[in-house]
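Heads up, the thing below is written out as C-alpha cells.
The analysis underlying the following values was restricted to heavy atoms, covering all of them including side chains, and did not include hydrogens, waters or symmetry mates.
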Amino acid sequence: MASRPELLSRMAAGDGHGEKSSYFDGWKAYDMNPFDLRHNPGGVIQMGLAENQLSLDLIEEWSKAHPEASICTAAGASQFKRIANFQDYHGLPEFRQAMAQFMGQVRGWKATFDPDRVVMSGGATGAQETLAFCLANPGEAFLVPTPYYPGFDRDCCWRSGIKLLPIECHSSNDFRLTKEALVTAYESARSSGVRVKGILITNPSNPLGTTTDRATLAMLAAFATEHRVHLVCDEIYAGSVFAKPDFVSIAEVIDHDVPAGAVDRDLIHIAYSLSKDFGLPGFRVGIVYSYNDAVVACARKMSSFGLVSSQTQYFLAKMLGDEEFMGRFLRESARRLAARHDRFTSGLREVGIGCLRNNAGLFSWMDLRGMLREKTAEAELELWRVIIRKVKLNVSPGTSFHCREPGWFRVCHANMDDETMEVALGRIRDFVHQHQRQKAKAQRWAAKGQLHLSLQRHGAMASQYHHALSSPMAALLSPRSPLVHAAS
C-alpha cells in the first residue's frame, strides 16, 4: 500500500516554534487560571511576562491632551484620508524622523540616527527574524551569550533555519561576557563544521537586567570586524535603565570609542521596539537599524510582511516627536522602575533570597540555588513546578534561558500593580518559611543519634534519609505534604 502523502508542511507539522518549553508552559498555566485581586485571588500571578505597565498612565494622559494625534478624532480627522490610504513600506517620513530622534534621546543624545536607516517590522520579533533572513542562510549560526531570551529560538530560527549557539557565561563573574568565552564558542562552532555568521547580544540583558560596558561592546565590534561576522545588538530595553551605570549603545561606541576604520560598520545592526520601554506591545512596533545599505534595502522590502499600521505610525510620530514629553516620560519611568525593583528585591532579601545585582529591565534574576534538591536541571524544574502549581506564581526557570547553572529564575515585576506585587511577595514568603521549617525538621532528625545507628543497619532507609536531608523540597513533596499533588 502506497504511503499516504503528507497533508501539511514540515513547519506546520513540526515544533520549531519552541512552545515545548517551560518558559511557555508557565504562560499556559497562567492563561488557565489567571490571578485577579477581586475575582480570582487564588489564581496564578503572571511573573513570566516582561511587560511595563508602570507608566502607561503618562501615555494615556498625553493622548487625551493631544486628540490631533489620532485620525479618528475630530481634531485629527483632516488627516484621515492621507493616513488611511498610506501603505508605503518605507513608512511615514514623519514617523521615521521621530523614531530616529527618539532613539537618540533615549541614548542620552550620545549617538545620532539617520531616519533613512529606520526600517519597520512587526515588533522586536519581526526585527530579529528580518535580520536573520538578511544576514545568514539556513544551517549557519549566530553566537549568543547565555543566559538569553527563550523567544530568540523562535524569532531567529523557526522560519529562517539558522542556528543559535551558546557563549557560556557564568555566575562567578555575574554572567559577564568575556573574550575568552567568545573565542571558545567561535572555535567550537568552526571545529564542528558550522559557519558562524554573527553574534547576537541583548543590551540591556534579558534576563539578567544588566547593561554591557563600552569596553565589551568595543571588543565585540572589533571581533566582528576581524572575523568578518555580524554583530546584532538587541537594545529593546535601552529606555528601561533605572540605575547606574548608564546605558551604552553600540551606536555610541562606534561613533566615539573606536578609531576611524577600526570597525566595519557594514557589520553592525540594532534591533529596537516600543514594546518594553513604553509598554506598548500591542502596537507591534519594531525597528531594524542597520549601517549596511544592502541590509536596509532588503529589510525594507521584507517589511511588507509586517508593516506597522499607518494610523499607529501617525500617532507615534506626534508623541515621539514631543521631545519635552519624552524626556519627562523617560525620567519618570526610570524612577518608577527603580522603586518597583527596590521594593521587590528588598522583599526577597527579607526571607533570604538574593538576586543578581542589576540596573535595567523589567525583571530580576532570582537565585533559588539554595532551595534545590540537588544541583541539576531536573531539580530546578521540580522546584519550578511547585512554584507554578502550588505557590501559583509563573516565574521562568533558568534552564529555559539556556542557563547551565541550575537554580536561577527570571521573575518579572513591572507588569502588575502594587497590590498584586505584595500578594506575590506574600506567597514567596510563605513558601520560603515552609521550606525553612522542613529544613529545620530534617536537621533535628539528623541530630538523633539513635536514628543514625538505625539507618546504618537499614541501608534502604539510609538512602531515603539522605534524600530527605539533602532537600527540604523532598519533604515538601512527600506523600503527607500538601504540595505533592501540585508536583505530580
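Smallest separation of non-hydrogen atoms from Ser160 and Phe133: CA-CE2, 3.6 Å. Residues Pro147 and Leu208 come closest through the heavy atom pair CG-CD2, 3.7 Å. In this structure, Lys276 and Asn52 approach most closely via the heavy-atom pair O-CB, 3.2 Å. The two atoms that bring Pro204 and Val241 nearest to each other are CG-CG2, 3.9 Å, heavy atoms only.
The aromatic rings of Phe401 and Trp365 stand perpendicular to each other, their planes meeting at an angle above 60°, with 30° marking the opposite boundary. Classified by interplanar angle (parallel below 30°, tilted 30° to 60°, perpendicular above 60°), the ring pair Phe329/Phe325 is tilted.
Side-chain polar atoms of His341 and Asn359 form no donor-acceptor pair below 3.5 angstrom. Between the side chains of Ser240 and Asp277, a donor-acceptor pair is found at a separation under 3.5 Å. Looking only at atom types and distance, the side chain of His230 has a donor-acceptor partner in the side chain of His269 under 3.5 Å away. Using modelled atom types and a 3.5 Å distance limit, the side chains of Glu332 and Ser55 yield no donor-acceptor pair. Between the side chains of Asn173 and Thr178, no donor N or O sits under 3.5 Å from an acceptor N or O. There is a side-chain donor-acceptor pair under 3.5 Å between Gln128 and Asp234. Looking only at atom types and distance, the side chain of Asn203 has no donor-acceptor partner in the side chain of Glu235 under 3.5 Å away. At a cut-off of 3.5 Å, with distance as the only test, no side-chain donor of Gln438 or Gln436 sits close to an acceptor on the other residue. One side chain, Trp62 or Asp322, offers a donor N or O that lies under 3.5 Å from an acceptor on the other.
Taking 4.5 Å as the limit, every side-chain heavy atom of Met416 sits out of range of all side-chain heavy atoms of Gln53. Contact check for Ile59 versus Met319: side-chain heavy atoms found under the 4.5 Å cut-off. Side chains of Cys403 and Thr146 form no contact here, defined as non-hydrogen atoms less than 4.5 Å apart. Put simply, the side chain of Thr312 reaches to within 4.5 Å of the side chain of Phe283, judged on heavy atoms. By the 4.5 Å heavy-atom criterion applied to side chains, Asn206 and Leu362 are not counted as neighbours. Annotation: side chain of Arg427 is not in contact with side chain of Arg429 (no heavy-atom distance under 4.5 Å). In this structure, Ser22 and Leu381 have side chains that are in contact, with non-hydrogen atoms separated by less than 4.5 Å. Between Leu393 and Ile388 there is no side-chain heavy-atom pair separated by less than 4.5 Å.
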Derivation of the side-chain contact (heavy atoms from CB on, under 4.5 Å) call for Lys392 and Phe35: CA-CA 9 Å; Lys392 301 288 183 67; Phe35 171 86; over 6 Å; no
Can you list the steps and then say if Phe223 with Tyr186 is a ring pair (Phe, Tyr, Trp, His ring centres under 6.0 Å)? CA-CA 11 Å; Phe223 185 95; Tyr186 180 76; 5.5 Å; yes
Would you please test Tyr237 and Phe363 for ring pair (Phe, Tyr, Trp, His ring centres under 6.0 Å) and show each step? CA-CA 11 Å; Tyr237 293 99; Phe363 34 73; 5.4 Å; yes
Please assess Val263 against Leu231 for the test side-chain contact (heavy atoms from CB on, under 4.5 Å), listing each intermediate value before the final yes or no. CA-CA 11 Å; Val263 170; Leu231 175 59; over 6 Å; no
Is there a side-chain contact (heavy atoms from CB on, under 4.5 Å) between Leu368 and Phe409? Walk through the geometry before answering. CA-CA 7 Å; Leu368 297 185; Phe409 291 76; 3.8 Å; yes
Check against side-chain contact (heavy atoms from CB on, under 4.5 Å), Val248 and Asp213: CA-CA 7 Å; Val248 179; Asp213 62 83; over 6 Å; no
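Put simply, the residue from Val258, Asp257, Ile201 that forms a side-chain contact (heavy atoms from CB on, under 4.5 Å) with Leu217 is Ile201.
The structure places CG of Leu280 at 9.0 Å from OG of Ser273, a figure rounded to the nearest 0.5 Å. Considering CG of Leu267 and NZ of Lys197, their distance stands at 10.5 Å, rounded to 0.5 Å. In this structure, the separation between CD1 on Ile45 and CG on Asn394 is 10.5 Å, given to the nearest 0.5 Å. How far CG of Leu165 is from CG of Leu143: 6.0 Å, rounded to the nearest 0.5 Å. Here CD1 of Ile353 is found 13.0 Å from CZ of Arg369. Values are rounded to the nearest 0.5 Å. Between Asp255 atom CG and Ile250 atom CD1 the span is 10.0 Å, to the nearest 0.5 Å.
Residue Lys179 places its NZ atom among 12 or fewer non-hydrogen atoms of other residues, nucleotides or ligands, all under 6.0 Å distant. Shown here is Arg336, whose CZ atom has more than 12 heavy atoms of other residues, nucleotides or ligands within 6.0 Å.
Under a 3.5 Å cut-off, the side chain of Ser191 and the backbone N or O of Ser188 do form a donor-acceptor pair. Looking only at distances, no side-chain donor or acceptor of Ser364 sits under 3.5 Å from a matching main-chain atom of Met366. At distances below 3.5 Å, not a single donor-acceptor pair connects side-chain atoms of Thr216 with backbone N or O atoms of Thr212. The backbone N or O of Thr399 lies less than 3.5 Å from a partner atom in the side chain of Glu380, making a donor-acceptor pair. A donor-acceptor contact shorter than 3.5 Å links the side chain of Asn40 to the backbone of Pro34. A donor-acceptor pair under 3.5 Å is formed between the side chain of Asn415 and the backbone N or O of Gln46. Listed for the Arg284 side chain is a donor-acceptor partner under 3.5 Å among the backbone atoms of Gly122. Between the side chain of Ser171 and the backbone N or O of Asp174 there is no donor-acceptor pair closer than 3.5 Å. No side-chain donor-acceptor contact under 3.5 Å links Trp384 to the backbone of Ser396. Between the Ser192 side chain and the Val194 main chain, no donor and acceptor come within less than 3.5 Å of each other.
Between Lys375 and Glu405 there is no salt bridge, since no side-chain nitrogen of the basic residue lies less than 4.0 Å from a carboxylate oxygen of the acidic one. Between Lys163 and Glu140 there is no salt bridge, since no side-chain N of the basic residue sits under 4.0 Å from a carboxylate O of the acidic one. In summary, Glu252 and Arg107 do not engage in a salt bridge, as defined by a charged side-chain N under 4.0 Å from a carboxylate O. Residues Arg343 and Glu422 are paired through a salt bridge, judged by an N-O separation under 4.0 Å between the basic side chain and the carboxylate. Salt bridge Asp36/Arg38: absent, no basic N to carboxylate O contact under 4.0 Å.
Between Phe278 and Phe102, the distance separating the two ring centers is shorter than 6.0 angstrom. Between Phe152 and Trp158, the distance from one ring center to the other does not fall under 6.0 angstrom.
At least one cation-pi condition fails for Arg389 and Tyr30: the charged atom is not both under 6.0 angstrom from the six-membered ring centre and inside a 45 degree cone around its axis.
For residues 406-418, the salt bridge (charged side-chain N to carboxylate O under 4.0 Å, His left out) pairs, not counting sequence neighbours, are Arg340-Asp418.
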